[in-house]
Amino acid sequence: MKNKEIAHIFNRIADALEFQGANRFRIVAYRKAARILEDLTEDVSVLAQANKLESLPGIGHAIATKITEYLSTGTMKKYEEVKRETPGTLLDLLDIQNLGPKTLALAYNALGVESLKDLKKVIKNGRLEKLPQMGKQKVNNIRRGIVLYERAHERLSIAVAEEIANELIAYLKKHARIKNISPAGSLRRWKETIGDIDILATGTNGKEIIKIFTQFPHVERVLAAGTTKSSILVRGGVQVDLRIVKAGSYGAALQYFTGSKAHNIRLRNIAKSSGLKLSEYGVFRGKKQIAGRTEKEVYKILGLACVPPEIREDRGEVELALKNKLPKLVEHSDIRGDLQMHSTYSDSEATIAELATAAKDHGYEYILITDHSQSVTYAHGMEPRRLHRQWKEIDRLNKRLPTLCVLKGVEVDILRDGALDYPNTILKECDFVIAAIHQGFKHNVTERICNAMQNPYVDIIAHPTGRLISSREGYHVDLRTVMEVAAETGTWLEINAYWDRLDLNDINARAAQELGARISIGTDAHDTKGLQWMKFGVATARRAWLESKDVVNTYTLNKLRTARKVNRKK
Ligand code: DGT
Ligand code: CA
Ligand code: CA
Ligand code: ZN
């Protein structure tokens with residue numbers, strides 16, 4: 001699918017227009033289109049062929065034409081144009097946190113900076129710092145941004161990796177005679193970023209499978225192609241390793257190549273201490289193979305319960321598996337509702353009715369509509385008048401929906417001074433309230449969040465660290481204090497399931513649970529497709545060792561209501 005590829009191009013065009021100081025509305029149109037494409041489950045080329053692009057909300061004629069152009073010719077004139085107009089590789093540099101188009105234009109005009117290398121040089125020799133409006137602090141921020149940028153560009157987001165792997169696996173199943181096939185490596189463990197994609201398969205004719213693998217339509221380069229192993233680069237240099245193994249070794253190989261390395265080393269030592277040998281081929285006593293066909297069998301013969309891939313990180317799971325005391329991790333099918341999403345009342349593409357329909361397709365019992373509050377003007381936050389209108393619409397909608405309950409919520413901003421963006425008279429009328437920081441990232445964040453949690457009507461703190469995996473460090477927040485106050489006040493901390501957030505992350509969500517706080521998972525959907533990111537939220541919860549009791553949106557609606565803060569007076 002070319003969805004994410006085209007989304008990336010639209011974002012690039014928006015970046016370039018911003019660099020040029022173009023009209024804001026043109027910039028917004030491209031950003032919107034990018035977001036829609038990122039969230040789209042259908043293949044954009046299929047929609048284009050059916051002439052249905054313009055039926056997507058937010059995609060107008062001009063954008064649709066550009067998509068079709070790219071699909072049929074492989075290039076987009078507008079993109080080529082803005083690339084020509086922007087010197088060097090400046091466009092890429094706009095991904096660096098704390099480096100805006102204005103600063104970049106300044107660095108270009110005054111110092112001739114055209115690339116990351118140039119930028120690092122003028123930081124090092126102090127020339128950037130000496131420019132008017134720059135200074136030490138700003139340059140330090142840019143330096144940190146560069147570190148983050150370099151780190152993010154070494155690894156792939158889980159959403160991109162999963163999409164490529166799914167497509168590749170479907171392709172192989174269709175064209176090659178394959179018996180078993182599965183992702184392995186960090187992707188199977190659902191890590192938030194992926195170094196390379198590992199796939200494992202069994203089949204009788206390895207050589208033929210590998211030939212078909214190297215003919216995958218998105219292959220850019222074949223790095224290696226043997227009879228049991230092959231590596232290719234796809235889509236902008238993403239490496240995929242395929243290994244073909246014998247059916248009798250499939251479980252052992254899956255175990256080995258799923259990793260993590262640290263987990264594997266523990267396992268191998270356990271095998272050794274009972275006189276066995278564990279390898280990717282199987283479990284052996286002397287020369288005799290005694291297990292290896294299935295993963296479960298491998299763990300069993302070593303005396304362990306089968307450890308779910310998500311927690312194979314040597315963070316205590318081996319000890320518990322030996323005692324058969326592993327946690328019973330929350331499952332995707334346990335989820336009864338989604339506790340964060342936006343509608344057209346603020347900055348989303350989807351109406352409440354559309355979100356409700358999508359939620360029914362996910363089999364949900366409830367969803368919480370959480371549009372932005374009034375001071376978030378860039379996201380069209382709601383003044384009380386519009387919020388009341390929304391509630392009326394929700395009431396009308398609920399009458400028509402026997403199986404789904406649409407809950408009235410809001411994502412209320414925690415303002416710079418620590419106050420909430422709505423008075424309690426409004427908050428108490430909501431079914432559930434999310435509070436979040438979207439402004440004043442350097443302003444007493446810990447204190448502001450803790451204050452918000454003292455409010456009896458605040459049920460959830462959204463994306464508690466504010467990080468964006470690809471581009472932004474979190475706020476300076478003392479998470480431990482936040483978790484303790486969350487536990488004390490009964491406020492739920494969010495795992496934001498959007499793939500570029502995953503916030504809280506696995507480690508923090510586990511710490512929160514251990515300190516007695518409960519977790520809510522919300523997709524933060526800004527269109528109906530956004531609801532699908534729940535899978536990444538659940539994976540993060542599993543990586544955090546959470547059970548269904550720890551995740552409030554596994555509760556029935558009745559239980560959810562009674563699980564709320566005790567000091568909340570109706
Ligand atoms: P990544 O690709 O950086 O996101 O992380 P992984 O975990 O996918 O690592 P990768 O692709 O290098 O290797 C896949 C798995 O193969 C890894 O999780 C465990 C296994 N593996 C790789 N090298 C070693 C090793 O030296 N010893 C052991 N025991 N296992 C290894
Ligand atoms: Ca890997
Ligand atoms: Ca690999
Ligand atoms: Zn938001």
Side-chain angles (χ1 to χ4, degrees), residues 148 150-169 172 180-202 213 216 219 221 223-224 226 228-246 249-274 276-284 291-292 295 298-299 301-302 304 306-315 317-318 321 469-470 499-500 502 505-507 536 539-540 542-543:
L148 205 66
E150 291 188 312
R151 204 187 303 153
H153 284 72
E154 280 166 17
R155 297 182 66 82
L156 207 57
S157 119
I158 175 106
V160 175
E162 201 222 15
E163 187 179 293
I164 294 175
N166 286 344
E167 200 181 336
L168 195 45
I169 288 174
L172 285 173
N180 299 297
I181 187 159
S182 167
S186 50
L187 180 58
R188 183 157 179 255
R189 304 198 312 278
W190 294 82
K191 267 189 80 163
E192 63 192 31
T193 62
I194 307 296
D196 66 7
I197 299 173
D198 300 284
I199 297 177
L200 202 69
T202 63
F213 176 67
F216 181 56
V219 168
R221 204 141 63 86
L223 298 175
T228 59
K229 189 183 171 226
S230 173
S231 296
I232 56 174
L233 296 184
V234 299
R235 287 214 234 146
V238 177
Q239 181 169 337
V240 188
D241 295 342
L242 172 71
R243 294 180 183 84
I244 316 287
V245 300
K246 293 208 173 75
S249 296
Y250 184 62
L254 198 54
Q255 196 292 313
Y256 181 89
F257 291 111
T258 296
S260 65
K261 200 169 157 179
H263 175 88
N264 285 358
I265 290 171
R266 294 293 311 277
L267 243 54
R268 208 183 315 143
N269 288 336
I270 289 172
K272 234 185 249 164
S273 64
S274 28
L276 303 174
K277 185 173 164 264
L278 169 67
S279 74
E280 67 257 53
Y281 302 106
V283 184
F284 297 86
E295 221 176 26
V298 170
Y299 279 95
I301 212 149
L302 299 176
L304 279 79
C306 192
V307 181
E310 292 92 333
I311 59 169
R312 296 184 193 168
E313 301 286 353
D314 191 22
R315 292 177 186 156
E317 77 281 4
V318 174
I469 293 172
S470 66
W499 49 268
D500 203 21
L502 298 176
N505 68 9
D506 49 2
I507 303 227
F536 300 127
T540 303
R542 288 171 64 83
R543 287 183 58 83

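Counting starts at 1 for both ligands and their atoms, in listed order.
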Between the Ca ion (ligand 2) and Asp196, is there an N, O or S atom separated by less than 3.0 Å? yes
N/O to N/O below 3.5 Å, does that happen between Ser186 and ligand 1? yes
Nitrogen or oxygen of Thr193 less than 3.5 angstrom from that of ligand 1: no
At under 4.0 Å between heavy atoms, which part of [X] makes contact with ligand 1: side chain, backbone, both or neither?
X	value
Asn264	side chain
Arg268	side chain
Leu187	neither

Counting from 1, what ligand 1 atoms have a heavy atom of [X] closer than 4.0 Å?
X	answer
Tyr256	16 (O), 19 (C), 20 (C), 24 (C), 25 (C), 27 (N), 28 (C), 29 (N), 30 (N), 31 (C)
Phe257	14 (C), 15 (C), 16 (O)
Asp198	8 (O), 11 (O), 14 (C)
Arg189	7 (O), 18 (O)
Gly185	8 (O)
Thr258	18 (O)
Gly195	1 (P), 2 (O), 3 (O), 4 (O)
Ile194	4 (O)

Given side chains that start at C-beta, do those of [X] and [Y] come closer than 4.5 Å, heavy atoms only?
X	Y	value
Ile194	Glu162	no
Val318	Ile270	yes
Asp506	Glu313	no
Leu267	Tyr299	yes
Ser157	Ile469	no

May I ask you to decide whether Arg312 forms a salt bridge with Glu295, counting only side-chain N to carboxylate O separations under 4.0 Å?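 Yes.
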Candidates Lys191, Arg243, Arg188 - the one meeting salt bridge (charged side-chain N to carboxylate O under 4.0 Å, His left out) with Asp198: Arg243
Apply the side-chain contact (heavy atoms from CB on, under 4.5 Å) test between Val245 and each candidate in Leu254, Asn180, Leu200; give the one that qualifies. Leu200
Name of the residue among Ile232, Val240, Leu233 meeting side-chain contact (heavy atoms from CB on, under 4.5 Å) with Leu223: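 Single pass found, and it is Leu233.
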Please find the pair of heavy atoms, one from Leu278 and one from Arg268, that lie closest to each other, and give the distance. O-CG, 3.8 Å
Looking at the Ca ion (ligand 2), which N/O/S atom of Asp198 is the nearest one?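 Nearest N/O/S atom of Asp198: OD2.
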Heavy atom of Lys191, distance to ligand 1 below 4.0 Å: no
